[in-house]
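Because only heavy atoms are used, hydrogens play no part in the values below, and waters and symmetry mates are left out as well, while side chains stay in.
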Amino acid sequence: MFRRVLIANRGEIACRIAATLREMNIAPIMVCSEADRGARHARLGAETLEIGPAEPRASYLNIDALIDAARRARADAVHPGYGFLAENAAFAEAVEAAGLTFIGPAPEQIRAMGDKRAARALAEKARVPVVPGAEGADASALAKAAARIGYPVMVKAALGGGGKGMRVVADEAALREAVESATRLAESAFGDGAVYLEKRLERARHIEVQVLGDGRGKAVHLFERECSLQRRHQKVIEECPSPAVDEALRQRLTFAAVSLAEAVRYRGAGTLEFLLAEDGAFYFLEMNTRLQVEHPVTEMVTAIDLVRWQIRIARGERLDLDPEAVLVPIGHAIECRVYAEDPDNNFLPSPGRIGHLRTPAGPGIRDESGTGAGLDVPIFYDPLISKLVAWAEDRPQTIARMRRALGEYLVTGIKTTLPFFAWLLAQPEFLESRFHTTYLDDVLKARNGRSFDAAGSEAEAIATIAAAIHASLSQGVAAGPPAATSRATERWKTQARLDGLRDGGRVMPGRG
């Protein structure tokens, strides 16, 4: 049994994991950097320990500091969340060497499946189709391989994820520079500069399958997720189930995923990612040996708490989920990743202090946030501030519910991607599920920087009235002479226009 679990992470995922731990009567132990002393997750722990300066390598990526914190807190186990050290085999080994339980796969599974080249080899051995590709010692060897499999190709980092180190190459002339660039980035991000090639499948969809394994050779799937809506290889919206997958394809996809998970005797929660070609063929890409950012959409259509199962499996419990009980997804779920980014300025990060925060509620809405009003979004970390999830009986109802929720969401003080989502969910290609992995990059390029958040006259009027009331109550302006009142009202109106154009995440009435 676990009494105290250290969460080696921050932000919304640390808050999410803590919620399940408390339900299981397990004390969540939080860690924080100097920059996160006042963060929401740092306030939610039964105990919170500071582990170093703001820079991730000195804190959240510092294995020695995390192990020391776990010992000082008398923790029984460590949950890595996602990102940071979640897929670091050396960290899992250090946790186990310290006499603690790592809530995740065995170190050798992380190492085998975390190296995309090794994972491809294991998939081929398990007779799971893989995207044609190659690896080589230098750019010349890779150029020969690219000529054999045909351009365009993807240059990828062998380790890590999140699109880091990934480049699209259209011809041999660009290959050498792409390999050198990807190698440098991979070395910096993952400590290993190894890269490899994959054939680029045009207009493909990105589908992933959630699995749970007991570490004894048994695994089950929890359906597939649609992850094709990406910007620069980063997912922005996910769905479960995928609108592109029918029951026959689902059976083939999930069979392949479970076969590979069982072949490596996988332990815990993991995700197998596939590319779905236009002709219906699918190919294994990689395995994420951790919890995914988009795990809530799976939880919503299965009523299964994935974090709880991670903990149960880590405690040595048997995976007694009945596959017959999860044969059909319950309804449909969509997740929007709400980032502190300015969509009208090429999605640049928008760190700063949140002035006001109003989150949506109501039937079928789930918002997992790692921040709050008056708290800072630091510049040092990933700017994800919330996962907004909507569930309903079918996809059209879920879209309507998500649009309603976006209309209720209000964030001031920073820019957010909320206006971008309000725009995206109204696009015909999204509504009709006519998109692929490069759709979003293509359509954003065609927009050529046009604003997602142009204030309408109704919104401006409401903002003007609100500003006038606030100023009147706080300054007593209404009692002044008419000329002064007129000038003040004009000033409030001007400020309201500016707020409508500049306030990050401001969702205008009528856009939901």
Given Arg337 and Glu294, is the salt bridge (charged side-chain N to carboxylate O under 4.0 Å, His left out) satisfied, shown in steps? CA-CA 8 Å; Arg337 299 188 185 191; Glu294 58 271 22; 2.8 Å; yes
Is [X] salt-bridged to [Y], going by a charged N under 4.0 Å from an acidic O?
X      : Y      : answer
Lys235 : Glu273 : yes
Lys116 : Glu198 : no
Arg250 : Glu247 : yes
Arg225 : Glu335 : no
Arg203 : Glu278 : yes

Can you tell me if [X] and [Y] form a side-chain donor-acceptor pair at under 3.5 Å?
X      : Y      : result
Ser386 : Tyr409 : yes
Arg200 : Thr437 : no
Thr20  : Asp305 : yes
Arg290 : Gln292 : yes
Ser369 : Arg40  : no
Ser228 : Glu226 : yes

If every non-hydrogen atom of [X] is compared with every non-hydrogen atom of [Y], which pair is closest and at what distance?
X      : Y      : result
Gly83  : Asn9   : O-ND2, 4.2 Å
Gly193 : Thr183 : O-CG2, 3.3 Å
Pro53  : Ser33  : O-CB, 3.4 Å
Gly407 : Arg358 : O-NH2, 4.1 Å
Ala182 : Val155 : CB-CG1, 3.7 Å

Quick one: does [X]'s side chain get under 4.5 Å of [Y]'s, heavy atoms only?
X      : Y      : value
Ile17  : Val307 : yes
Leu276 : Leu253 : no
Phe223 : Val245 : no
His79  : Pro28  : no
Pro56  : Arg10  : no
Pro343 : Trp423 : no
Ile365 : Arg404 : yes
Val236 : Thr417 : no

His436 vs Tyr439 aromatic rings, parallel, tilted or perpendicular, using cut-offs 30° and 60°?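 Answer is perpendicular, since the angle exceeds 60°.
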Indicate the ring-plane relationship of Tyr381 and Tyr60, choosing parallel, tilted or perpendicular according to the 30° and 60° boundaries. perpendicular
Phe435 vs Val443, side chain to side chain contact (heavy atoms under 4.5 Å, CB included): CA-CA, chis, key distance, verdict: CA-CA 10 Å; Phe435 50 79; Val443 75; over 6 Å; no
Under the criterion salt bridge (charged side-chain N to carboxylate O under 4.0 Å, His left out), I'd like the reasoning laid out for Glu299 against Arg366: C-alpha separation, chi angles, the key distance, then a yes or no. CA-CA 11 Å; Glu299 293 182 327; Arg366 169 175 170 177; 2.6 Å; yes
Checking the side chain of [X] only, and the main-chain atoms of [Y] only, is there a donor and an acceptor separated by less than 3.5 Å?
X      : Y      : result
Asn346 : Leu348 : no
Ser59  : Glu55  : yes
Thr398 : Ile334 : no
Asp344 : Phe452 : yes
Asp442 : Lys445 : no
Arg395 : His332 : no
Gln210 : Gly270 : yes
Glu368 : Lys387 : no
Arg232 : Asp441 : no

Quick one: which of Thr298, Leu291, Val297 gives a side chain to side chain contact (heavy atoms under 4.5 Å, CB included) with His295? Leu291
If I take atom [atom1] from residue [X] and atom [atom2] from residue [Y], how far apart are they, to the nearest 0.5 angstrom?
X      : Y      : atom1 : atom2 : answer
Ile354 : Thr412 : CD1   : OG1   : 8.5 Å
His206 : Leu201 : NE2   : CG    : 12.5 Å
Leu357 : Ile385 : CG    : CD1   : 7.5 Å
Leu85  : Leu61  : CG    : CG    : 5.0 Å
Ser451 : Asn345 : OG    : CG    : 11.0 Å
Thr359 : Leu410 : OG1   : CG    : 10.5 Å

Against the six-membered ring of Phe421, is Arg231 placed for a cation-pi contact (under 6.0 Å from the centre, within 45° of the normal)?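 Verdict for Phe421: no cation-pi partner in Arg231.
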Kindly indicate whether a cation-pi arrangement holds for Arg120 with Phe284, taking the cut-offs as under 6.0 Å to the six-membered ring centre and within 45° of the axis. no
Is it true that atom [atom1] of [X] has more than 12 heavy atoms of other residues, nucleotides or ligands lying nearer than 6.0 Å?
X      : atom1 : answer
Glu177 : CD    : yes
Glu202 : CD    : yes
Asp279 : CG    : yes

Walk me through whether Met287 and Leu260 qualify under side chain to side chain contact (heavy atoms under 4.5 Å, CB included). CA-CA 10 Å; Met287 184 175 189; Leu260 184 50; 5.7 Å; no
Starting from the C-alpha separation in whole Å, work towards a yes-or-no answer on side chain to side chain contact (heavy atoms under 4.5 Å, CB included) for His221 and Phe255. CA-CA 8 Å; His221 77 84; Phe255 178 81; over 6 Å; no
Step-by-step side chain to side chain contact (heavy atoms under 4.5 Å, CB included) determination, Val338 to Val411: CA-CA 11 Å; Val338 183; Val411 185; 5.8 Å; no
Is the distance from the ring center of Phe347 to that of Tyr339 below 6.0 Å? no
